[in-house]
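Below: the structure, in structure tokens.
The figures that follow rest on heavy atoms only: side chains count, while hydrogens, waters and symmetry mates do not.
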Protein chains: 2
Amino acid sequence: MKDSKQILLDHKVSITNPRILVIEALLENNNPLTVDELQIKLKKKVAKSTLYRVLNDLKKINILNEFTNPENATVVELLLEDDSHHHHLFCSDCGEIIDIQMGDEFEKTLSKEIKRIEKKFNFSIEDHRLELFGKCTDLCKNCS
Amino acid sequence: MKDSKQILLDHKVSITNPRILVIEALLENNNPLTVDELQIKLKKKVAKSTLYRVLNDLKKINILNEFTNPENATVVELLLEDDSHHHHLFCSDCGEIIDIQMGDEFEKTLSKEIKRIEKKFNFSIEDHRLELFGKCTDLCKNCS
DNA sequence: ATAAAAAATGAGAATAATTCTCATTTATTC
DNA sequence: GAATAAATGAGAATTATTCTCATTTTTTAT
């Protein structure tokens with residue numbers, strides 16, 4: 001597992017206990033967590049206001065991805081590798097969120113389409129996000 | 001323009017002024033609106049609590065699509081045609097949200113990928129959403 | 001290693017978005 | 001058109017997030 005102190009050092013921000021705890025809680029999980037799940041994992045070790053501040057700090061140094069689940073709750077995940085481009089799969093039964101990688105053919109076709117859209121709307125497109133919604137049938141630990 | 005009363009009739013819900021006003025405000029726009037933009041368009045003609053209630057009513061009869069913009073504000077749009085599958089393009093300069101259609105090749109490749117993901121994670125995938133983020137360079141009315 | 005300066009924290013107040021409550025009004029049914 | 005059912009408005013309640021400020025921790029410069 002990555003070293004949380006080193007991550008903070010690498011990004012030239014000061015090394016504090018709350019930041020270390022938040023990063024470690026996120027590192028322990030392979031998949032994204034809602035803010036309240038994170039809060040529960042941290043018990044009372046980090047104040048609520050500090051948690052939100054730390055999350056904003058991590059966003060500023062670009063190692064935190066933030067989005068919302070279908071219930072509009074805020075979800076966060078650490079982004080440590082530069083090449084970790086991925087998408088998300090949501091289970092509407094248990095709420096689990098799974099990181100997924102799309103195949104090369106898909107990403108290539110998407111790139112082509114993005115170029116078309118850029119021309120059509122005179123946009124410069126910098127990022128994209130794909131979300132898949134469904135139900136896990138048996139894999140997911142929370143579902144029967 | 002579609003008739004708001006007919007839309008309500010078709011979906012077997014009672015025809016009330018607030019519902020008509022909300023639907024008409026949404027019909028006037030081609031592109032999605034944030035809840036506050038909608039509130040402003042409606043002036044004081046619909047109470048805040050009623051607006052939220054009407055939006056929930058429209059969701060229940062499946063003619064409202066709700067999502068969040070990159071600032072996490074709630075965005076809504078009417079979905080009237082069954083075949084109106086589309087995605088969204090967000091401008092980070094002016095906040096404008098544009099409906100986009102992806103080409104057939106893209107949707108076909110995506111379907112193939114979805115089947116692969118369904119097998120891999122033993123999921124049944126029912127829906128998906130693609131969001132593109134960027135900057136409009138000159139088309140967008142709010143940007144210079 | 002230490003003192004001074006800068007930055008971060010905790011606790012709770014403030015704010016913003018959304019839902020809830022309930023007395024009144026409006027729509028539907030017969 | 002009267003009786004019943006449903007929806008509304010106003011504001012209170014709730015929830016998620018940000019802000020304030022006195023205290024503590026971290027960093028910087030000696």
Quiz item: Is the distance from OP1 or OP2 of C:dA17 to the nearest side-chain N or O of B:Thr74 less than 4.0 Å?
Solution: no
Quiz item: CZ of A:Arg53 versus P of D:dC21: gap in Å, rounded?
Solution: 13 Å
Quiz item: Looking across every strand, which nucleic acid part, if any, lies under 4.0 Å from B:Ser14 by heavy atom: base, sugar-phosphate, or nothing?
Solution: sugar-phosphate
Quiz item: Atom CG of B:Leu130 and atom CZ of A:Arg129: how far apart are they, to the nearest 0.5 Å?
Solution: 11.0 Å
Quiz item: Nearest-Å distance, CG (B:Asn72) to P (D:dT15)?
Solution: 19 Å
Exercise. To the nearest Å, give me how far apart CD (B:Glu66) and C1' (C:dA17) are.
Key: 12 Å
Self-check item: Nearest-nucleotide pick for B:Asn56, side chain only, options being C:dA8, C:dT19, C:dT28
Solution: C:dT19
Exercise. State whether B:Tyr52 places a side-chain N or O below 4.0 Å from either non-bridging phosphate oxygen (OP1 or OP2) of C:dT19.
Key: no
Exercise. Would you mind classifying the nucleic acid contact of B:Thr16 as base, sugar-phosphate or nothing, using non-hydrogen atoms under 4.0 angstrom?
Key: sugar-phosphate
Exercise. Please evaluate the base of D:dA10 for a donor-acceptor partner in the side chain of B:Ser49 within a cut-off of under 3.5 Å?
Key: yes
Practice problem: Could you check how far CD1 of B:Ile61 sits from P of D:dA7, rounded to whole Å? | Solution: 11 Å
Quiz item: How close or far is atom P of C:dT25 from atom CD1 of B:Ile15, stated in whole angstroms?
Solution: 22 Å
Practice problem: Nearest-nucleotide wise, let me know which of B:Ala47 and A:Lys48 is further upstream toward the 5' end of DNA chain D. | Solution: B:Ala47
Quiz item: Any sub-3.5 Å donor-acceptor pair from B:His88's side-chain atoms to B:Glu131's backbone N or O?
Solution: no
Exercise. On DNA chain C, check which nucleotide each of B:Val13 and A:Leu51 is closest to and give me the residue with the more 5' one.
Key: A:Leu51
Practice problem: May I ask you to check whether A:His11 and A:Gln6 show a side-chain donor-acceptor distance below 3.5 Å? | Solution: no
Quiz item: On DNA chain C, nearest-nucleotide positions of B:Asp36 versus A:Thr50: which is more 5'?
Solution: A:Thr50
Exercise. Could you check how far NZ of A:Lys12 sits from C1' of C:dA6, rounded to whole Å?
Key: 19 Å
Practice problem: Give B:Arg19 one of three labels, base, sugar-phosphate or nothing, depending on what nucleic acid heavy atoms sit under 4.0 Å from its own. | Solution: sugar-phosphate
Quiz item: Going through the distances and angles, do A:Arg116 and A:Glu113 end up as a salt bridge (charged side-chain N to carboxylate O under 4.0 Å, His left out)?
Solution: CA-CA 5 Å; A:Arg116 184 181 65 77; A:Glu113 270 302 273; 2.7 Å; yes
Quiz item: Expressed in angstrom and rounded to an integer, what is the separation of B:Ile40 atom CD1 from C:dA16 atom C1'?
Solution: 14 Å
Exercise. Run the numbers on B:Leu79 and B:Leu64 for side-chain contact (heavy atoms from CB on, under 4.5 Å), then give the verdict.
Key: CA-CA 6 Å; B:Leu79 283 185; B:Leu64 192 81; over 6 Å; no
Quiz item: Once you round it to whole Å, what is the distance between C1' of C:dA8 and NZ of A:Lys60?
Solution: 12 Å
